[in-house]
Amino acid sequence: MPAYRLGRRNAAPRPAELAMRIGLGGRPARAVRRALSAGLALALVVTVAACRPDLPPPGAPTSWPTTATRSWQWQWQLHGVLDPAVEADVFVLDPITTTAAQTAQLRSRDRRLICQVYVGSVHPDDPDASRYPPQVLGATAARTGRIWLDVRQWDIVRPVLADRFRLCRGKGFGAVVLADADGYQQRSGFPLDFDHQLQFNRRLAALARSLDLSPGLLGDLPQVAALAPDFDFAVNEECVRLTQCDKLLPFAEAGKPVFHVEYAGVTTDFCVTSVGYGFASIRKNRTLDAWRLPCPSP
């Protein structure tokens, strides 16, 4: 029984009940019913809009409400002409090729923007490549042509990376994801170990926060358990294919988004696993162009 009827068995009809019976202000009861229905619809629209997470203004770090962790739709595009019409809440983009006009357009549509920055390597074609002195340049990765950095030399690499973060901030990004943050697992040309990388990644998270950017971690699964408290979100490649999704649970269990991508298979196969973990998952081409196929939101 509705609560508002308790104790009102002999009470006079309420105004809304009376209006439904005889009409209000001389209007027929049918017109009143239409008016009340329209008012209810408007109230529902307002309620739904109020439930959407607010996007921080430019200059503030991106927020990640825990209530939306399982419902994010995302896009990861580093190559090709940017498609701003993709139905995604979150865009991971390249800070060099993405313009301030494009980020402004996306933000006008309430999109959250993540800037992908290579922190553990440099490519010879990068605009700031010449700022890294020879003593911090190591081996070249055969697949990407990127040169690994000696991340132990924080005082040397920090100013370059700080400027990369400032570029992101200046273009309207509110978050940054750290790429190549796992040099200790690679043939970097330096004797990097687990603790060197852990200290470097934590310093970068703190640096991002000092510049009003929300920090995220790309890859580096062996350190997720240690680093999850320092980062706001994670980006992962192929945890379903590699059967490694459980390693990302420290983020999911803390209510932090995990943006996950698979490059092979059909969504009906891998979505069951990844969405079950609470991840936001999509299928992409390895080239990370505009094409995407998302998993349905739970």
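Predicted model, so just to flag it, every value in this text is computed and none were measured.
Annotation: side chain of R292 is in contact with side chain of V86 (closest heavy-atom distance under 4.5 Å). At least one side-chain heavy atom of D150 sits under 4.5 Å from a side-chain heavy atom of L192. Side-chain atoms of W148 and V122, non-hydrogen and from C-beta on, never get closer than 4.5 Å to each other. With contacts defined as side-chain heavy-atom distances shorter than 4.5 Å, the pair L178/L204 qualifies. Within the 4.5 Å cutoff, no side-chain heavy atoms of C245 are placed close to those of K247. Side-chain contact between W76 and E237: present, with at least one pair of heavy atoms (C-beta onward) separated by less than 4.5 Å. Using a 4.5 Å heavy-atom cutoff, the side chains of F231 and S214 are not in contact. With a 4.5 Å cut-off on side-chain heavy atoms, D94 and Y118 do not count as touching.
Taken to the nearest 0.5 Å, the OG1 atom of T98 stands 8.5 Å off from the CG atom of L113. Put simply, CZ on R107 and OG1 on T62 are 6.5 Å apart, with the number rounded to the nearest 0.5 Å. To the nearest 0.5 angstrom, R109 atom CZ is 11.0 Å from D89 atom CG. Separation of atoms CG (L221) and CG (D246) is listed at 9.0 Å; rounding is to 0.5 Å. Distance check: W72 CH2 to I282 CD1 gives 15.0 Å after rounding to the nearest 0.5 Å. Between atom OG1 of residue T103 and atom CG of residue L82 there is a gap of 10.0 Å, rounded to the nearest 0.5 Å.
With sequence neighbours excluded, the residues forming a side-chain hydrogen bond (donor to acceptor under 3.5 Å, both in side chains) with Q186 are D182, listed by chain and number.
Between D232 and the choices R112, R209, K256, the salt bridge (Lys or Arg N to Asp or Glu O under 4.0 Å) rule is met once, by R209.
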Could you walk me through whether C239 and F279 pass side-chain contact (heavy atoms from CB on, under 4.5 Å), step by step?
CA-CA 11 Å; C239 77; F279 303 164; 3.9 Å; yes
Would you please test C115 and V177 for side-chain contact (heavy atoms from CB on, under 4.5 Å) and show each step?
CA-CA 6 Å; C115 180; V177 63; over 6 Å; no
Let's go through L149 and Y132 carefully: what are the C-alpha distance in whole Å and the side-chain angles of both, what is the deciding distance for side-chain contact (heavy atoms from CB on, under 4.5 Å) to 0.1 Å, and is it a yes or a no?
CA-CA 9 Å; L149 299 173; Y132 288 107; 3.7 Å; yes
Test log, rule side-chain contact (heavy atoms from CB on, under 4.5 Å), inputs L207 and L213
CA-CA 9 Å; L207 176 62; L213 291 165; over 6 Å; no
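In the model, Q75 has a side-chain atom that pairs as donor or acceptor with a side-chain atom of K284 under 3.5 Å. Between the side chains of N201 and D220, at least one donor N or O lies within less than 3.5 Å of an accepting N or O. In this model, no donor atom of one side chain and acceptor atom of the other lie less than 3.5 Å apart for W154 and Q199. Donor-acceptor pairing under 3.5 Å is recorded for the side chains of S281 and H260. No hydrogens or angles considered: nothing links the side chains of Y184 and D195 as a donor-acceptor pair under 3.5 Å. A donor and an acceptor atom, one from each side chain of Y263 and E238, are nowhere located under 3.5 Å apart. Side-chain atoms of D193 and Q197 include no donor-acceptor pair closer than 3.5 Å. No side-chain N or O of H123 forms a donor-acceptor pair with one of D126 less than 3.5 Å apart.
A salt bridge is defined here as a Lys NZ or Arg NE, NH1 or NH2 lying under 4.0 Å from an Asp or Glu carboxylate O, and R131 with D128 fails to meet this definition.
The backbone N or O of V240 lies less than 3.5 Å from a partner atom in the side chain of E262, making a donor-acceptor pair. For the pair Q77 (side chain) and H79 (backbone), a donor-acceptor distance under 3.5 Å is present. Checking side-chain atoms of R169 against main-chain N and O of F173 turns up a donor-acceptor pair under 3.5 Å. Judged purely by atom type and a 3.5 angstrom limit, K171 uses its side chain to pair as donor or acceptor with the backbone of I96. With hydrogens and angles disregarded, no donor-acceptor distance shorter than 3.5 Å links the side chain of R283 to the backbone of C295. Side chain of Q153 to main chain of Q135: a donor-acceptor pair is present (N/O by atom type, distance under 3.5 Å, no hydrogens or angles). Between the side chain of R146 and the backbone N or O of T144 there is no donor-acceptor pair closer than 3.5 Å. Using a distance-only test at 3.5 Å, with no hydrogens or angles considered, a donor-acceptor pair links the side chain of R111 to the main chain of A88. Using modelled atom types, no side-chain atom of D289 and backbone atom of G80 make a donor-acceptor pair closer than 3.5 Å. A donor-acceptor pair is defined here as one N or O able to donate and one able to accept, closer than 3.5 Å; no such pair exists between the side chain of N285 and the backbone of L288.
Among all heavy-atom pairs drawn from A175 and F233, the shortest one is CB-CE2, 3.9 Å. Between A290 and V81 the shortest heavy-atom distance is CB-O, 4.3 Å. The two residues L167 and P95 make their nearest non-hydrogen contact at CD2-O, 4.1 Å. Taking both residues in full, the closest heavy atoms of T140 and I147 are given as OG1-CG1, 3.7 Å, listed atom of the first, atom of the second, then distance. Heavy-atom minimum distance, V92 versus L78: O-CD2, 4.3 Å. I114 and V90 make their closest contact through CD1-CG1, 3.6 Å (heavy atoms, listed as atom of the first residue, atom of the second, distance).
Residues L249 and V272 do not share a hydrophobic cluster, defined by chaining ILVMFWY side chains whose heavy atoms lie under 4.5 Å apart. F91 and W291 fall into different hydrophobic clusters, where Ile, Leu, Val, Met, Phe, Trp and Tyr residues are linked whenever their side-chain heavy atoms come under 4.5 Å apart, directly or through other members. Grouping the Ile, Leu, Val, Met, Phe, Trp and Tyr side chains by contacts below 4.5 angstrom, directly or via other members, places V117 with L137. Neither V258 nor F270 shares a network with the other; the hydrophobic side chains, linked directly or stepwise wherever heavy atoms of I, L, V, M, F, W or Y lie under 4.5 Å apart, form separate groups for each. A continuous path of Ile, Leu, Val, Met, Phe, Trp and Tyr side chains, each step under 4.5 Å between heavy atoms, connects L161 with L211, placing both in one hydrophobic cluster.
Taking the ring centroids of F259 and W64, they lie under the 6.0 Å cut-off.
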